[in-house]
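Take a look at the structure set out below.
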Amino acid sequence: GIFKNYNVNNFDTAAHVSSYICMLFVDKASNIWAGLHQKGFIKLEPATGKVEHYNIISDTNTFYSNELKAIYNSVYAMSEGSDHIYWLATHDGLYKFNSVSKEINPVRAKPLQRDQVRDDLFSVMLPDENGFWLGSWAGGLSYYNIRTNQWNIYKFDLRKTGVATTNIVSDIKYKSKNELWITSNDKGFGIFNTITHDFHFFGGDNTKTNNIPGTLCYHLMEDSQGNIWLSFPIGLLKVRQNESKFNYTGVPVTRTDNGEFWAINCMLEDKAGRWLDRKSTRL
């Protein structure tokens, strides 16, 4: 029950302005990385309290105005790679950071263009063995393959791909090997199939009682019992995933005089725990 406070605004930089924390990440060496809203990110060594500060966009960048440099200077998610490499999800796309050389470089699907709705306003990332799933504002889901440097983008509302208030993915978690749980600001709670690339969203039917809201879902979490917790503007919602109570097992039959019209009408278990049935080929 003991807390220790770290003043993250005491880093050595000219911008001594208070900023709230928008990301926390603990690496393999137990260092703490924190994203500061519009102030880049820091590395904190808990044992010593030492803080190192980094900006996403360099001062020499001429593409953005000073105002946009500040707006895009936030890290919302982080993942640790190999050889001192860290990956950063920002509203200015995906960045690759080398903690030894201190180099920070963007990894983009296409060159930046002015006055266009972007697909890389990333706010959440989920790593797998080959790369990252990234959720963005107006860009849907993106996947970056580290091995091939290939990008793929998937949107659930194809009629409004150029509208900044649609295709907003706010959170991603694994459901199974080939499925992702996702939350969206404009569709609510759903599933994305990573093989077929199909989206399915639940809820939005106001005729049903206790229905899942169909819009503006912020985040999701699966607890140790398999329950899904969803955060909405109206509060917290719990979705119980009930397993099937009965499992059907078909019995292979090599010969029957009644075609498909046959049935098992008697069962017993022997001392070895084997099941014997009157109509099966084991009798």
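Just so you know, these numbers use all the heavy atoms, side chains as well, and skip hydrogens, waters and symmetry mates.
- With values rounded to the nearest 0.5 angstrom, His91 atom NE2 is found 10.0 Å from Arg118 atom CZ.
- Here Leu216 sits in one hydrophobic cluster together with Tyr218; the rule is ILVMFWY side chains under 4.5 Å apart, joined directly or through other members.
- Rounding to the nearest 0.5 Å places CD of Glu45 at 5.5 Å from CG of Asn31.
- The line from CG of Asn61 to CG of Asn66 is 10.0 Å long, rounded to the nearest 0.5 Å.
- In the displayed structure, Asp59 atom CG is contacted under 6.0 Å by at most 12 heavy atoms of other residues, nucleotides or ligands.
- Considering only heavy atoms from C-beta on, Lys160 stays 4.5 Å or farther from Thr165 through its side chain.
- Think of Leu141 as one node in a network of Ile, Leu, Val, Met, Phe, Trp and Tyr side chains linked at under 4.5 Å; its network also takes in Val124, Leu126, Trp133, Tyr143, Tyr154, Phe156, Val169, Ile172, Tyr174, Leu180, Ile182, Phe192, Phe199, Phe201.
- Contact detail for Lys102 and Ser99: the closest heavy-atom pair is NZ-O, 2.8 Å.
- The two residues Cys217 and Ser170 make their nearest non-hydrogen contact at O-OG, 2.7 Å.
- Residue Lys175 comes nearest to Ile191 through the heavy atom pair CE-CD1, 3.6 Å, listed as atom of the first residue, atom of the second, then distance.
- For Arg240, the salt bridge (charged side-chain N to carboxylate O under 4.0 Å, His left out) test picks out no residue, with sequence neighbours left out.
- Looking at heavy atoms from C-beta onward, Leu36 lies in side-chain contact with Ile21 at the 4.5 angstrom threshold.
- No side-chain heavy atom of Met221 sits less than 4.5 Å from a side-chain heavy atom of Lys173.
- Taking 4.5 Å as the limit, some side-chain heavy atom of Asp120 sits within range of a side-chain heavy atom of Arg108.
- Tyr144 belongs to a hydrophobic cluster whose other members, connected by ILVMFWY side-chain contacts under 4.5 Å either directly or through intermediates, are Ile85, Trp87, Leu94, Val107, Phe122, Met125, Phe132, Leu134, Ile146, Trp151.
- The backbone N or O of Asn149 lies less than 3.5 Å from no partner atom in the side chain of Asn145, so there is not a single donor-acceptor pair.
- Formation of a donor-acceptor pair under 3.5 Å by the Ser136 side chain with backbone atoms of Ala138 is not found in this model.
- Contact check for Leu220 versus Glu222: no side-chain heavy atoms found under the 4.5 Å cut-off.
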Task: Evaluation steps, side chain to side chain contact (heavy atoms under 4.5 Å, CB included), between His37 and Tyr76 - done: CA-CA 9 Å; His37 180 64; Tyr76 296 101; 4.1 Å; yes
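- Considering every non-hydrogen atom in both Leu44 and Pro46, the closest pair reads O-CD, 3.3 Å.
- Put simply, the side chain of Lys43 does not reach to within 4.5 Å of the side chain of Val51, judged on heavy atoms.
- Checked by atom type, the side-chain pair Asn167/Asp157 shows no donor-acceptor distance below 3.5 Å.
- Shortest non-hydrogen contact noted between Ser142 and Ile153 is OG-CG1, 3.6 Å.
- Judged purely by distance below 3.5 Å, without hydrogens or angles, the side chains of Asp92 and Thr90 never pair a donor atom with an acceptor atom.
- Looking at Glu67 and Lys69, no side-chain N of the basic residue comes within less than 4.0 Å of a carboxylate O on the acidic one, giving no salt bridge.
- Atom NE2 of His84 has 12 or fewer neighbouring heavy atoms from other residues, nucleotides or ligands inside a 6.0 Å radius.
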Would you mind writing out the side-chain donor-acceptor pairs for residues 229-239 within the sub-3.5 Å range, not counting sequence neighbours?
residue: Trp229; atom: NE1; partner: Asp223; partner atom: OD2; Å: 2.9
residue: Ser231; atom: OG; partner: His219; partner atom: N; Å: 3.1

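- Enclosure of atom NZ in Lys110 is not indicated, since only 12 or fewer non-hydrogen atoms of other residues, nucleotides or ligands lie within 6.0 angstrom.
- Of all heavy-atom pairs spanning Ser123 and Ala77, the tightest one is O-CB, 4.4 Å.
- Between Trp181 and Glu179 there is no side-chain heavy-atom pair separated by less than 4.5 Å.
- With side-chain heavy atoms closer than 4.5 Å counting as contact, directly or through intermediates, the hydrophobic cluster containing Tyr54 also holds Met23, Phe25, Trp33, Phe41, Ile56, Ile57, Phe63, Tyr64, Leu68, Ile71, Tyr72, Val75, Met78, Tyr86, Leu88, Tyr95, Phe97, Ile104, Leu112, Leu121, Trp137, Ile168.
- Under the 3.5 Å distance criterion, the side-chain polar atoms of Thr194 are matched with a main-chain donor or acceptor of Asn178.
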Open item on the list: Show, in sequence, the C-alpha distance, side-chain angles and deciding distance for Asn55 and Asn73, and conclude whether the side-chain hydrogen bond (donor to acceptor under 3.5 Å, both in side chains) test is met.
Closed with: CA-CA 6 Å; Asn55 285 311; Asn73 195 23; 2.8 Å; yes
